[in-house]
Every structure is written in structure tokens, then in C-alpha cells.
Amino acid sequence: MRPDTPAENVDHTAEAARLERTAGLYPEDTEALLLRAAAHLELAGDRPTATKLYDRLLSSPEALDHPHLVRALKASNLWEYGHEAEARAIIDGVRTAAPRDPAPWVIVAEALESHDELEAAHDTFTEAVRLLLTDVPQPPQPTQPLLFGRHRVRRMLGRSHDEWDALADTVHSLPVSLDELHDPKRVWSLGSENPAELEAEILRLRAELGAYREALSRPFPVAILHWPATELTELLEAYPTLAEEYPSHEEHLTSIERALRELAASGTPNLGIVTGTVPSYEAFAASEGSSPGDATLLPQYATTLAARGRATAWPPQNGSNCWCGSGRRYGECHGSNA
């Protein structure tokens with residue numbers, strides 16, 4: 001169940017409780033599952049309990065994968081139920097930390113924007129864009145909301161277009177231009193008695209809603225299982241019967257890329273890769289009452305990892321590192337002959 005599901009179709013409190021129980025079963029996925037649970041609690045209006053989940057993550061002895069994201073979400077949530085001073089302090093901390101992940105920047109900037117702190121929102125968007133996109137030939141998809149948010153705030157502030165706004169225009173793909181979508185005067189057209197103006201505004205709103213749904217409603221990915229070299233060695237030492245599936249690590253990596261390209265060529269959308277570990281695989285096999293040496297478990301394990309939010313999209317965005325973990329750019333590694 002996605003957090004964007006309408007309240008009339010889901011009990012958000014019950015869904016949050018289910019996700020908390022699931023986190024207890026899969027400790028390695030606690031961060032992702034509790035963040036989803038907190039989102040449901042916010043939608044249920046139980047913001048104090050959502051804050052407790054954010055605090056639980058931040059106080060955990062285990063290192064978080066995305067600590068700045070958790071802090072940003074906590075700040076946004078706190079501000080919504082009256083804890084403005086604490087929220088501002090956290091936002092300042094996120095900006096000072098200057099994370100390389102665009103998501104925390106988007107959240108804190110939009111929190112400022114939603115509370116009419118337009119100058120501060122503009123400065124935050126601009127800091128993030130300069131940090132993450134300077135000398136980047138093509139903005140990766142996760143950074144595009146920074147460009148769009150900055151463009152939106154600048155329109156509300158009455159600023160003229162600059163080079164970053166021009167870049168936002170080039171990556172924008174909807175039929176309605178950014179200037180139209182972010183026109184501050186649009187709100188007035190909703191009160192117009194002119195049918196043509198109302199129809200035009202409805203078309204714009206549909207375009208925005210379509211983009212929003214597309215971002216939040218990606219179909220379930222078809223995920224291919226990837227074993228890092230050390231994990232594959234350990235796996236084959238413990239379960240030699242799987243050697244038929246994995247003759248060598250190099251062949252394993254080649255077969256992943258080949259399979260994904262074949263799926264893409266056949267028109268299969270939203271492909272992904274999940275990375276396995278031997279302890280996790282053994283635990284999955286035990287839960288299924290089967291032996292880890294049973295090769296038929298491997299695709300089921302991959303599907304389970306994907307269902308728990310462990311899949312990463314394939315192919316990597318332009319300029320991103322290769323999925324194999326080599327540290328090289330995808331275009332210089334397994335994507336070199338794409």
C-alpha cells in the first residue's frame with residue numbers, strides 16, 4: 001500500500017502498524033519501512049506519533065542509509081503541528097550538512113515554501129542546485145524536482161529567468177510549459193466565470209496531477225538478483241549446488257546486464273536490480289521451509305527484496321555509477337556498449 005493512497009480507501013493508522021510489525025521481521029529494512037509508516041501516520045493526522053518514529057530512527061545505534069532525509073522529514077512534520085522553532089533548527093542543520101542526496105533538499109525547501117518563506121525556499125533550492133548540478137551535463141532524474149521547485153518559487157517571487165530556469169525548461173516533458181504551471185495568476189482563474197479560462201486551468205491541473213501520479217505510482221519493478229563478489233563466493237562455498245546458476249562472478253554480472261537489455265527490448269518497463277546477501281537469503285529460505293541450495297528460490301528471493309523496497313532502477317541515470325559496484329560510471333562499465 002502506497003502512502004499516497006486516498007484516505008477513504010485505506011486505514012492509514014492500521015497500515016502504519018503493519019509496516020512497524022514488518023520492520024520487526026526485517027531489521028535490515030527498518031529505515032525504509034518506518035519511513036513509510038511515518039508517512040501513513042502523517043496522512044492519518046497523527047503527527048506526534050510520526051515524530052516518534054523519526055526520533056526512533058535517529059536514535060538507533062545502527063547507522064542510517066539516509067540520515068539527512070529522516071531529519072528533513074521530521075522537520076517538515078514538526079512544522080505542520082506547531083513546532084516551528086525546532087523545525088527551523090533542523091532545516092538549518094540539513095542545509096549546513098549539504099547532503100549529496102537531492103531528496104532532503106527538496107523536502108526542506110518545500111517545507112519553507114509551504115509556510116510562505118519564499119526567499120528562504122529560493123535560497124535553499126539554489127544552494128542544492130549549485131551543489132548537485134554544477135558542471136553536470138545532464139541532470140539526473142532525482143535532481144529534477146530541485147530545478148522545478150526553484151523555477152516555481154522564482155515565478156512567485158517575480159524573478160526573471162536565469163540559466164537554471166532554462167535548464168529546468170529543457171528537462172520538463174509535460175505539454176504544459178513550466179511558466180504556465182507556475183504562473184502565480186493561475187489561482188485566480190479558478191474563480192473565473194469564463195468557461196474557456198476554467199477549461200484551460202483544468203487541463204493544466206490534469207497535467208500536474210498526471211506527473212504527480214506518474215512519480216508516485218511506478219509499476220512494481222521486474223527485479224534481477226545481483227550478488228557482489230564476496231557474497232557470491234560465500235554463497236557457492238556454502239551451497240555448491242548453485243554453481244550451475246553462477247559459473248563465475250564475471251559471467252553473473254554479464255548475464256544480469258544481458259537479461260535486463262532483453263527485457264527492455266521486449267518492452268518490459270520499470271526494470272530493477274536487487275542485491276542479495278547470504279544471511280538474508282538463508283533467512284528467506286528458512287521462512288519458506290526450503291534449503292538455500294534450491295535454485296528455484298532465487299527468483300522468489302529477488303521478488304521479495306523488491307517488494308521490500310530494495311530494488312534500484314535500471315539502467316542507472318546518466319553519469320551515475322554502474323550497478324555492479326565497480327565504482328566506474330555505467331557508460332564506462334556495463335553500459336559501455338549499450
Side-chain angles (χ1 to χ4, degrees), residues 28-36 38-39 54 57-60 62-77 87-113 120-154 162-168 170-172 215-216 218 226 228 272-275 309-335:
E28 67 274 25
D29 294 330
T30 294
E31 183 177 346
L33 292 168
L34 291 187
L35 286 179
R36 291 175 60 193
Y54 295 132
L57 285 170
L58 291 170
S59 62
S60 170
E62 300 295 330
L64 297 177
D65 293 330
H66 305 286
H68 299 300
L69 175 62
V70 177
R71 293 187 180 92
L73 289 167
K74 178 184 175 182
S76 178
N77 181 54
R88 286 181 180 276
I90 296 173
I91 288 173
D92 289 343
V94 172
R95 292 176 65 179
T96 301
R100 306 296 298 189
D101 177 9
W105 287 104
V106 172
I107 291 165
V108 297
E110 290 186 347
L112 291 163
E113 179 187 353
H122 174 266
D123 292 345
T124 303
F125 276 126
T126 301
E127 287 175 26
V129 165
R130 288 175 176 165
L131 175 68
L132 301 179
L133 294 179
T134 298
D135 297 327
V136 174
Q138 181 66 25
Q141 194 278 332
T143 65
Q144 292 178 12
L146 294 171
L147 290 168
F148 300 153
R150 184 178 182 275
H151 184 286
R152 181 178 61 247
V153 170
R154 287 175 65 81
D162 63 6
E163 60 184 273
W164 295 117
D165 291 323
L167 182 58
T170 64
V171 298
H172 175 69
L216 289 176
R218 304 292 185 189
H226 162 233
I273 295 175
V274 290
T275 299
R310 308 294 286 184
T312 57
W314 180 93
Q317 294 290 325
N318 290 338
S320 298
N321 287 345
C322 187
W323 54 264
C324 71
S326 66
R328 293 190 294 165
R329 301 293 188 188
Y330 175 65
E332 300 169 353
C333 193
H334 282 89

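The line from CG of Asn77 to NZ of Lys74 is 10.0 Å long, rounded to the nearest 0.5 Å. The OG1 atom of Thr30 sits 10.5 Å away from atom CG of Asp65, with the distance rounded to the nearest 0.5 Å. Separating the OG1 atom in Thr96 from the CD atom in Glu127 is a distance of 8.5 Å, to the nearest 0.5 Å.
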Exercise for the section: Begin with the C-alpha distance, continue with both residues' side-chain angles, and end with the deciding distance and a verdict on side chain to side chain contact (heavy atoms under 4.5 Å, CB included) for Arg95 and Asp123. Expected result: CA-CA 10 Å; Arg95 292 176 65 179; Asp123 292 345; 3.8 Å; yes
Handout entry: Steps toward side chain to side chain contact (heavy atoms under 4.5 Å, CB included) verdict (Asn321, Arg329)
Key = CA-CA 4 Å; Asn321 287 345; Arg329 301 293 188 188; 3.7 Å; yes
Practice task
Decide side chain to side chain contact (heavy atoms under 4.5 Å, CB included) for Ile90 and Val108; before the verdict, give the C-alpha distance in whole Å, the side-chain angles of both, and the deciding distance to 0.1 Å.
Solution key: CA-CA 9 Å; Ile90 296 173; Val108 297; over 6 Å; no
Exercise for the section: Apply side chain to side chain contact (heavy atoms under 4.5 Å, CB included) to Tyr54 and Leu73, showing your working. Expected result: CA-CA 8 Å; Tyr54 295 132; Leu73 289 167; 3.7 Å; yes
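Summarising the geometry of Trp164 relative to Leu147, their closest heavy-atom pair is O-CD2, 3.8 Å, with the distance given to 0.1 Å. Taking each heavy atom of Pro145 and Phe125 in turn, the nearest pair found is O-CE2, 4.2 Å. Across all their heavy atoms, His68 and Ala97 have their closest contact at CE1-CB, 3.3 Å. Minimum heavy-atom separation, Val94 to Ala72: CG2-N, 4.3 Å. Here the closest heavy-atom approach between residue Leu146 and residue Pro102 is recorded as CD1-CB, 3.8 Å. Across Cys322 and His334, no two heavy atoms sit closer than the pair SG-ND1, 3.5 Å.
Taking 4.5 Å as the limit, every side-chain heavy atom of Thr124 sits out of range of all side-chain heavy atoms of Arg150. Counting heavy atoms from C-beta outward, Pro140 and Leu133 have side chains that approach closer than 4.5 Å. Side-chain contact between Asp101 and His66 is present, with at least one heavy-atom pair separated by less than 4.5 Å. Put simply, the side chain of Leu112 does not reach to within 4.5 Å of the side chain of His122, judged on heavy atoms. In this structure, Thr126 and Arg130 have side chains that are in contact, with non-hydrogen atoms separated by less than 4.5 Å. Looking at heavy atoms from C-beta onward, Leu34 lies out of side-chain contact with Val70 at the 4.5 angstrom threshold. With contacts defined as side-chain heavy-atom distances shorter than 4.5 Å, the pair Arg154/Asp162 qualifies. Within the 4.5 Å cutoff, the side chain of Glu31 has heavy atoms near those of the Leu35 side chain.
Distance alone, capped at 3.5 Å, is enough to place a donor-acceptor pair between the Thr170 side chain and the Leu167 backbone. Without hydrogens or angle criteria, Trp105 side chain to Pro99 main chain gives a donor-acceptor distance under 3.5 Å. Judged purely by atom type and a 3.5 angstrom limit, Glu113 has no side-chain atom pairing as donor or acceptor with the backbone of Val153.
Thr275 and Arg310 share no donor-acceptor pair across their side chains, judged by distance under 3.5 Å alone.
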